[in-house]
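First the structure, in the form of structure tokens, and then the observations on it.
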Amino acid sequence: MKNKQHTIKKPVTVSGVGLHTGVISNMTFNPAPANHGIKFQRIDLETQPIVDADVDYVVDLSRGTTIEHNGARINTVEHTLAALVGLEIDNVLIQLDGPEPPIMDGSSRMFIDALETVGFEEQNALRNFYEITESIRYKDPERDVEIAALPLDDFRVTVMVDYNSPVLGSQHASLNHISDFKKEISSSRTFCFLHELEMLHKNNLIKGGDLNNAIVVVDRVVKENELDYLAELFNKPKVEVRHEGILNNVELRHKNEPARHKLLDVVGDLALIGRPLKAQILAARPGHAANVAFAKKVKKEMQLARNSAPQYDPKIDPVMDINQIMQILPHRYPFLLIDKIIHLDETMVAGIKNVTMNEHFFLGHFPGNPVMPGVLQIEAMAQIGGILVLNTVPDPENYTPYFLGIDKCKFRKMVIPGDTLKFKCELTAPIKRGIAQMNGTAYVGNTLVCEAAMTARIVKNQ
């Protein structure tokens with residue numbers, strides 16, 4: 001898996017009809033800055049509102065996943081999102097001049113093909129993985145659905161489907177590495193059963209449906225007059241049923257194409273969590289409703305984990321090394337008290353201070369019993385917070401952060417030589433007039449050693 005965030009090099013557009021709305025739309029993928037995330041924009045609406053790809057905005061699950069926010073609704077987002085996850089693209093603005101992404105051929109492959117024509121760009125920011133550390137499970141006994149996320153330092157998905165159908169039977173599909181998504185999963189098309197077609201048609205759920213963008217599984221004997229009706233429904237001169245039980249002689253791309261498409265849907269729906277996952281996902285008989293319910297459960301755990309110690313892997317390149325930090329902060333030895341920035345987004349920053357016996361303050365602070373002064377822990381925390389505040393201006397080198405206040409400060413455990421301090425600062429309110437309020441915490445391992453509420457201000461250099 002890629003460690004750095006990625007976007008695309010330039011815009012690319014795909015066009016076509018929406019599966020459920022039947023509306024022809026143009027969808028343009030645009031490059032976006034680091035930490036932007038995946039967002040949709042309805043440019044056909046008056047205010048051109050933006051909708052984050054967020055599970056909290058899911059409003060409808062009728063044969064697809066629909067999100068809505070700021071007065072804008074985007075239907076059937078899962079195939080588009082799955083393509084972005086499969087390519088490990090973190091930041092993109094998707095502009096639509098209609099209510100639904102084009103269905104294309106019913107899979108994610110044509111989105112991937114389009115995105116690959118413009119290429120990808122690595123960004124100077126680490127990917128903000130959410131790593132599953134304890135199993136998370138979801139169960140719906142009525143639908144006989146089970147989904148689980150298990151700890152794994154990678155992303156793998158296994159899906160099992162069983163529709164009680166003599167045509168499909170029980171099927172399994174697996175994605176062992178995200179780099180396999182394009183070849184093994186992306187071309188698998190959406191499908192439905194023949195007995196569902198009339199219901200879907202009556203409820204206007206497949207206005208853009210066609211035998212070119214969906215597989216129809218024939219799970220019962222079909223009379224000739226019904227085939228004539230289906231031909232009229234799909235505006236075809238003739239439709240047939242082959243012995244494998246697939247309408248109109250469609251060739252399956254994989255023997256287990258339905259299971260692979262269900263896996264594709266799981267990948268796309270889980271993208272709504274908002275962060276790339278490190279986990280083993282196991283799903284039995286999943287559907288959009290279960291996928292979204294499970295994604296909400298994972299997001300809830302993720303939000304709880306945000307209040308814990310930041311994850312730090314010294315083998316991974318930092319967001320900022322010491323040279324990059326010195327280009328932004330005015331502090332220098334012996335008062336520059338941070339070594340790395342390991343996470344930075346619009347509201348939170350995390351950084352590292354390696355405490356060694358060579359620190360100048362150990363010469364006089366409790367000789368023979370070296371303990372890092374609490375006031376310097378707060379200063380290091382403030383410098384980390386300064387990086388967060390300076391990240392809000394386009395030319396941080398022309399500004400200086402000043403510490404204005406501190407409240408609710410507590411020192412919970414001594415910090416000694418050999419400790420690695422992990423700091424985290426998070427905004428508690430939007431920055432106004434250059435003044436920022438934030439909560440800061442410091443950890444050694446997963447143990448909280450220091451915390452404080454801080455106020456800082458950035459001032460333009462004279």
Side-chain angles (χ1 to χ4, degrees), residues 1-2 6-8 12-20 25-30 38-40 53 63-67 74-96 100-120 155-159 161 171 173-192 206 208-210 212-215 250 252-254 256-273 276-277 281 283 286-288 291-292 295:
M1 299 177 75
K2 296 173 182 174
H6 283 73
T7 187
I8 53 177
V12 62
T13 301
V14 295
S15 304
V17 65
L19 174 63
H20 297 298
S25 64
N26 301 295
M27 182 169 71
T28 301
F29 297 90
N30 295 279
I38 300 171
K39 303 177 189 291
F40 292 86
R63 303 296 299 195
T65 302
T66 298
I67 57 176
I74 315 290
N75 295 272
T76 324
V77 298
E78 62 272 12
H79 300 172
T80 306
L81 294 176
L84 294 170
V85 173
L87 292 172
E88 298 185 86
I89 295 174
D90 305 277
N91 305 301
V92 68
L93 176 64
I94 305 168
Q95 294 179 319
L96 272 165
E100 185 177 17
I103 187 60
M104 310 307 282
D105 68 346
S107 75
S108 291
R109 183 58 187 264
M110 297 178 78
F111 299 133
I112 285 180
D113 291 343
L115 290 162
E116 287 187 328
T117 64
V118 296
F120 314 119
F155 181 63
R156 295 177 190 162
V157 186
T158 299
V159 166
V161 296
Q171 294 188 358
S174 294
L175 176 66
N176 293 318
H177 194 280
I178 195 63
S179 62
D180 296 331
F181 181 86
K182 174 185 172 181
K183 179 181 177 182
E184 301 294 336
I185 305 297
S186 70
S187 63
S188 300
R189 296 159 292 179
T190 191
F191 68 97
C192 69
I206 52 167
D210 190 274
N212 296 324
N213 56 36
I215 297 168
V250 173
L252 292 180
R253 294 171 177 172
H254 308 277
N256 62 341
E257 187 169 351
R260 295 190 192 212
H261 185 81
K262 282 295 182 181
L263 193 155
L264 183 155
D265 283 342
V266 168
V267 171
D269 286 334
L270 292 186
L272 294 168
I273 293 169
L277 288 175
I281 306 297
H288 292 297
N291 297 345
V292 168

### Query
In terms of side-chain heavy atoms, does Asn176 have a donor or acceptor partner in Ser174 at a distance below 3.5 Å?
no
### Message
Run the side-chain contact (heavy atoms from CB on, under 4.5 Å) test against Thr13 and tell me which residues pass, sequence neighbours left out.
### Response
Ser15, Asn26, Thr28
#### Entry: Given Thr80, Ile38, Ile89, the one that forms side-chain contact (heavy atoms from CB on, under 4.5 Å) with Phe29
Thr80
### Message
List the residues meeting side-chain contact (heavy atoms from CB on, under 4.5 Å) with Thr7, not counting sequence neighbours, and say none if there are none.
### Response
Pro31, Asn91, Glu121, Gln123
#### Entry: Partners meeting side chain to side chain donor-acceptor pair (under 3.5 Å) with Thr66 (sequence neighbours left out)
Asn75
### Query
With side chains defined as the heavy atoms from C-beta onward, is the minimum distance between Ser107 and Ser186 less than 4.5 Å?
no
### Message
Could you work out, with side-chain contact (heavy atoms from CB on, under 4.5 Å) as the rule, every residue matching Ala82, not counting sequence neighbours?
### Response
Ser108, Phe181, Leu264, Val267
### Query
Any side-chain heavy-atom pair from Gln171 and Lys262 closer than 4.5 angstrom?
no
### Task
Name all residues meeting the side chain to side chain donor-acceptor pair (under 3.5 Å) criterion together with Gln95; count only those two or more places apart in sequence or in a different chain, and write none if there are none.
Asn30, Gln41
### Spatial distance of atom CD1 (Ile74) from atom CD1 (Ile94) [nearest 0.5 Å]
9.0 Å
#### Entry: Stepwise side chain to side chain contact (heavy atoms under 4.5 Å, CB included) check, Met1 with Glu88
CA-CA 8 Å; Met1 299 177 75; Glu88 298 185 86; 3.7 Å; yes
### Single hit among Leu87, Val92, Asp90 for side-chain contact (heavy atoms from CB on, under 4.5 Å) with His6
Asp90
### Query
Looking at residues at least two apart in the chain, or sitting in another chain, which of them share a side-chain contact (heavy atoms from CB on, under 4.5 Å) with Thr76?
His20, Glu78, Glu100
### Donor-acceptor contact present, side-chain Arg260 to main-chain His254, <3.5 Å
no
### Message
Just by distance, no angles: are the side chains of His79 and His261 close enough, under 3.5 Å, to form a donor-acceptor pair?
### Response
yes
### Task
Taking all heavy atoms of Ser25 and all of Pro101, pick out the closest pair and write down the distance.
OG-C, 4.3 Å
### Query
So how far is it from Leu263 CG to Ile185 CD1, rounded to the nearest 0.5 Å?
4.5 Å
### Which residues share a salt bridge (Lys or Arg N to Asp or Glu O under 4.0 Å) with Arg109, sequence neighbours left out
Asp113
### Message
Run the salt bridge (Lys or Arg N to Asp or Glu O under 4.0 Å) test against Asp265 and tell me which residues pass, sequence neighbours left out.
### Response
none
### Message
Just to verify, what does Glu257 make a salt bridge (Lys or Arg N to Asp or Glu O under 4.0 Å) with, not counting sequence neighbours?
### Response
Arg189
